[in-house]
There are 2 protein chains.
Amino acid sequence: MQVVKELDYVPNLVAQRLSTGRTLTIAVIVPFFTTPSVTERLSGVVRTLAKSEYDLVIHNIEEPEQRTDCFRTIPRQERVDGALIISISPTDEEVPLLAEAGVPIVLIDMHHPALGMLHQVAVDDIAGGKLVTDYLIKLGHTKIGIVSDPIDNPFGFTASRDRAFGYRWALEAAGIPYRPEYYENSYGRQEARESARKLLTLPERPTAIFASSDMQAVGVLEAARQLGLRIPQDLSVVGYDDVEIADILGLTTMRQMLYESGQRGVELLLETLENPETEPVYEVLPTELVIRNTTAPPS
Amino acid sequence: MQVVKELDYVPNLVAQRLSTGRTLTIAVIVPFFTTPSVTERLSGVVRTLAKSEYDLVIHNIEEPEQRTDCFRTIPRQERVDGALIISISPTDEEVPLLAEAGVPIVLIDMHHPALGMLHQVAVDDIAGGKLVTDYLIKLGHTKIGIVSDPIDNPFGFTASRDRAFGYRWALEAAGIPYRPEYYENSYGRQEARESARKLLTLPERPTAIFASSDMQAVGVLEAARQLGLRIPQDLSVVGYDDVEIADILGLTTMRQMLYESGQRGVELLLETLENPETEPVYEVLPTELVIRNTTAPPS
DNA sequence: CTGTTAGCGCTTTCAT
DNA sequence: ATGAAAGCGCTAACAG
């Protein structure tokens with residue numbers, strides 16, 4: 001020990017890894033990590049993992065091909081001890097690949113029929129979408145538009161689709177007919193602005209719009225402003241996620257536990273790493289409607 | 001090759017690393033990576049590095065001790081081939097440690113007297129601060145407040161200090177006396193709101209406030225709204241960074257090349273990795289004043 | 001040009 | 001208890 005200090009000796013990590021077979025590294029696969037909601041989840045991952053002995057290598061997915069690449073190569077090569085996948089759904093062919101990769105994998109913000117093979121930390125987006133729509137209906141709205149991510153997307157995002165499903169469910173339960181012209185598909189703020197403009201220039205325009213994310217809600221708000229509509233008197237807007245911008249703008253939104261989803265994902269992964277016999281867990285995190293200043297009864 | 005495919009053989013990365021001495025891994029050290037401006041820089045790093053063969057391991061710093069830990073352990077243990085350090089200044093004792101770690105290191109958003117030892121991709125924050133203040137002065141303001149990060153902070157951030165320096169320089173150049181009561185220290189949005197409240201309830205309140213980041217500017221805007229001040233008639237506000245929120249709120253701000261700083265940092269690192277003889281580079285990225293709706297002549 | 005072997009730096013097992 | 005040696009899976013240098 002004396003000599004260790006004298007020579008300032010530090011064990012070589014790579015040799016340790018080869019010898020023990022543990023890489024002490026975890027991979028996280030995230031789509032578009034600059035998106036505030038994704039960053040927040042990632043933050044839960046990073047901060048929780050920082051307390052452990054594991055390193056975190058990050059793989060950002062912005063092209064569909066990157067996704068496939070990742071799913072194929074990451075869990076192999078014995079380069080990581082485990083992986084977290086955020087918001088991206090593996091295809092049916094990819095699931096067995098992942099499950100048989102030999103390392104524990106946790107799906108965050110994603111539920112997949114491959115239950116019993118992978119840990120999953122999900123959110124009930126159908127219930128979330130229904131809750132939002134129920135609230136708007138309770139306020140007295142019947143002409144409710146929705147701006148959602150494209151249902152068929154190359155990344156396998158499912159959150160928006162589920163929220164839209166909840167929306168239709170709520171409508172049906174209230175006996176309000178579903179109007180296809182009130183349904184718009186688009187990604188992100190800019191596109192949502194265009195979608196909202198279409199919605200708001202309809203002959204019989206909606207009195208409320210449910211946006212599938214807070215950033216999309218911002219786009220809706222901008223379109224409304226451009227058209228001279230007052231919020232919330234002329235138009236109610238609800239977002240989803242409750243990221244900081246929602247608080248800043250006073251946006252009514254559905255809060256989900258973004259940070260906690262990352263945290264919980266890491267906890268599950270670390271547990272499984274310690275005890276490989278751990279049964280795969282399927283957890284659903286709660287959501288909560290946060291009412292601010294962008295919603296009111298229709299005038 | 002036939003057999004390779006038949007057996008579905010994949011080389012073991014860890015063994016490769018031990019054998020070649022290359023880890024094919026790069027570390028990035030970032031403070032508070034959920035901050036939008038930091039995420040944007042990180043995005044430049046991630047996307048540029050994705051094209052290379054290197055993995056990225058991320059170390060988030062939220063406590064001063066983590067910083068010291070990182071600087072000591074990361075470049076040792078032969079666990080990474082290089083490192084990027086974002087916005088955090090090494091102390092004078094830490095610089096030699098880093099430089100002698102044997103791996104190339106690039107400082108992003110940071111200039112350090114240890115020139116000639118490390119690559120640096122910096123921004124001229126003094127000039128930026130001066131430009132903002134000059135603009136306010138040109139509009140006719142003489143009572144100009146400033147909300148800045150604490151100058152002495154445990155992380156070694158220097159950007160805010162430099163911007164404040166530029167502010168004083170501009171004042172001096174215009175012959176406007178510096179008033180200490182117009183200078184407030186605080187981190188982030190919430191604290192900035194309190195700082196702005198102090199400034200705006202002064203007997204002779206400022207007619208313009210220069211915030212050291214866009215998030216701090218949001219806090220200033222909120223304080224102004226709470227006090228019933230109209231923007232920009234009663235108060236001009238300027239931010240710094242030009243993150244998305246600035247665009248959304250129509251905030252006048254100083255744009256810096258966040259994404260590009262990360263990109264350039266990675267490029268420099270990769271070049272040095274290929275050719276270790278590369279001379280350390282000191283680059284300064286440009287800034288640009290983006291005028292929107294939160295600034296006007298004093299009424 | 002193909003085939004063999006030493007060695008990367010550690011852990012772990014086995015013998016002393 | 002302490003010490004020697006085998007082996008993790010690859011690369012690179014070497015000999016055939």
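Here is the naming used below: chain letters follow the sequence lines, and residue numbers restart at 1 for every chain.
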**Message:** Other residues, nucleotides and ligands only: do more than 12 of their heavy atoms fall within 6.0 Å of CD on A/Glu274?
**Reply:** no
In this structure, how many angstroms lie between the [atom2] atom of [N] and the [atom1] atom of [X], rounded?
{"X": "B/Leu24", "N": "C/dC8", "atom1": "CG", "atom2": "P", "value": "19 Å"}
{"X": "B/Leu18", "N": "C/dC10", "atom1": "CG", "atom2": "C1'", "value": "8 Å"}
{"X": "B/Arg22", "N": "C/dC8", "atom1": "CZ", "atom2": "P", "value": "19 Å"}
{"X": "B/Arg17", "N": "C/dC10", "atom1": "CZ", "atom2": "C1'", "value": "16 Å"}

**Asked** Knowing that exactly one of A/Thr39, A/Leu56, A/Ile58 qualifies, which makes a side chain to side chain contact (heavy atoms under 4.5 Å, CB included) with A/Val46?
**Response** A/Leu56
**Message:** Below the 4.0 Å mark, does C/dG9 have OP1 or OP2 next to a side-chain nitrogen or oxygen of A/Gln16?
**Reply:** no
**Among C/dC10, D/dA12, D/dG9, the nucleotide that comes nearest once only the side chain of B/Ser19 is considered** = D/dG9
**Asked** Which nucleotide in the set C/dC10, C/dT11, D/dG9 lies at the smallest distance from any side-chain heavy atom of B/Asn12?
**Response** D/dG9
**Prompt:** Do the side-chain N and O atoms of B/Asp214 and B/Gln216 include a donor-acceptor pair separated by under 3.5 angstrom?
**Reply:** no
**Request:** Among B/Thr287, B/Asp125, B/Asp241, find the residue that satisfies the side chain to side chain donor-acceptor pair (under 3.5 Å) test when tested with B/Gln256.
**Result:** B/Asp241
